[in-house]
Amino acid sequence: MQRLIAIFLFIISFFFGGNIDKANVWPEKEISEGATSAEFVFENKTGYRLEIDVSIDAIQRKAIENDGEWVDVPFVQHINEGITQYKLYPNEKTTLHVVFADPKTMEDVPLVSGDYQIKVSYKTSGYTNNQTGTATIGFTVAPFVWQ
């Protein structure tokens, strides 16, 4: 009976997937002022299998000098690691490697302390129709502390 229920639930999952707009993203460790790179953990909480092209669309800093508006921070994203056979299954995690640098010259752009947000996009595969989703997650860059 349990096997029959499991097969039924598996078949149903192809027609009623999870919420494609759900994903968790967070810095792997605390990011301090002056950092020129960081790693972000991306956890698939969508209920769908995702293709390998999980990508960072933007990283922005809340600018105190411009009435708190968000300004773009230049970055370069590196290839995702930890995705099995180019797929990221529900509840699996991968690491997004980011270098804060001018994409044209590759010169480092050290971060200043403050509030930031990261915008990530992703898409499903292997189901009746492909869907896309996005996530915007806030994080803080800590002031540099002399030790």
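Computed from a predicted structure; not experimentally measured.
- In this model, no donor atom of one side chain and acceptor atom of the other lie less than 3.5 Å apart for Lys93 and Asn44.
- Pairing each heavy atom of Val76 with each of Ala101, the nearest pair is CG2-O, 4.2 Å.
- Residues Thr46 and Tyr122 are in side-chain contact: their nearest non-hydrogen atoms beyond the backbone lie under 4.5 Å apart.
- Nearest heavy atoms, Val141 versus Tyr116: CG2-CE1, 3.3 Å.
- Under the 30°/60° scheme for interplanar angles, the aromatic rings of Phe139 and Phe40 are found to stand perpendicular.
- Taking every heavy atom of both residues into account, Pro74 and Pro103 meet most closely at CB-CD, 4.1 Å.
- Side-chain atoms of Val73 and Gln60, non-hydrogen and from C-beta on, never get closer than 4.5 Å to each other.
- Within the model, atoms CZ of Arg61 and CD of Gln117 stand 12.5 Å from one another, a figure rounded to the nearest 0.5 Å.
- In this structure, Phe100 has no ring-ring contact (aromatic ring centres under 6.0 Å, His included) partners at least two apart in sequence or on a different chain.
- Across all their heavy atoms, Asp57 and Val120 have their closest contact at OD2-C, 4.0 Å.
- Among residue pairs with one or both ends in residues 32-42, those qualifying as side-chain hydrogen bond (donor to acceptor under 3.5 Å, both in side chains) are Glu39-His97; sequence neighbours excluded.
- The nearest pair of heavy atoms linking Ile59 to Phe75 is N-CE2, 3.8 Å.
- In this structure, Val41 belongs to a hydrophobic cluster whose other members, linked by side-chain heavy atoms under 4.5 Å apart, are Trp26.
- Both Val112 and Ile118 belong to a single network of hydrophobic side chains, linked directly or stepwise wherever heavy atoms of I, L, V, M, F, W or Y lie under 4.5 Å apart.
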